[in-house]
Engineer: 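One structure, pasted below without further comment.
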Amino acid sequence: MHKTNDSKCKSKITITDGKKLVNPKSILSLMSAGIQRGTDVEVICEGDSEEEDLRTIIAAIESGLGEL
């Protein structure tokens, strides 16, 4: 799995596929969401470092989160 450097993400981050809300800082929550490759998701960041954190999370998603 691709390391997203979550320890540096200070914002409240939520990913949604329109059905469920997921905290991507929790690998168990992210994995149990069962969001499949190719699914459109919305990433919501709220906090002092939201712009930087949003870029970090989007880069991790675009890289495939370590999937082959």
Engineer: Could you check whether any side-chain N or O of Ser49 sits under 3.5 Å from a backbone N or O of Glu52, counting only pairs where one atom can act as donor and the other as acceptor?
Structural biologist: no
Engineer: Might you confirm whether atom NZ of Lys12 has over 12 heavy atoms from other residues, nucleotides or ligands at distances under 6.0 Å?
Structural biologist: no
Engineer: Side chains of Ile44 and Glu46: does their closest heavy-atom pair fall under 4.5 Å?
Structural biologist: yes
Engineer: Does a side-chain heavy-atom distance below 4.5 Å link Asp17 with Asp40?
Structural biologist: no
Engineer: Please tell me if the side chains of Thr14 and Asn23 come closer than 4.5 Å, counting only heavy atoms from C-beta onward.
Structural biologist: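 No, every pair of side-chain atoms sits at 4.5 Å or beyond.
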Engineer: Using the rule that two of Ile, Leu, Val, Met, Phe, Trp, Tyr join whenever any of their side-chain heavy atoms come within less than 4.5 Å, decide whether Ile58 and Val22 are in one cluster.
Structural biologist: yes
Engineer: So, do Thr16 and Val41 sit near enough that their side-chain heavy atoms are less than 4.5 Å apart?
Structural biologist: no
Engineer: With the side chain counted from C-beta on, respond yes when Ser11 and Glu50 share a heavy-atom pair under 4.5 Å apart, and no when they do not.
Structural biologist: yes
Engineer: Taking all atoms of both residues into account, what is the closest heavy-atom pair of Asp53 and Lys10, and its distance?
Structural biologist: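 Heavy atoms of Asp53 and Lys10 come nearest at OD2-N, 3.1 Å.
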Engineer: With Pro24 as reference, evaluate Val43, Ile61, Thr56, Ile15 under the side-chain contact (heavy atoms from CB on, under 4.5 Å) test and give the passing residue.
Structural biologist: Ile15
Engineer: Does the Ser29 side chain pair with the main chain of Ser26, one donor and one acceptor, at a distance under 3.5 Å?
Structural biologist: no
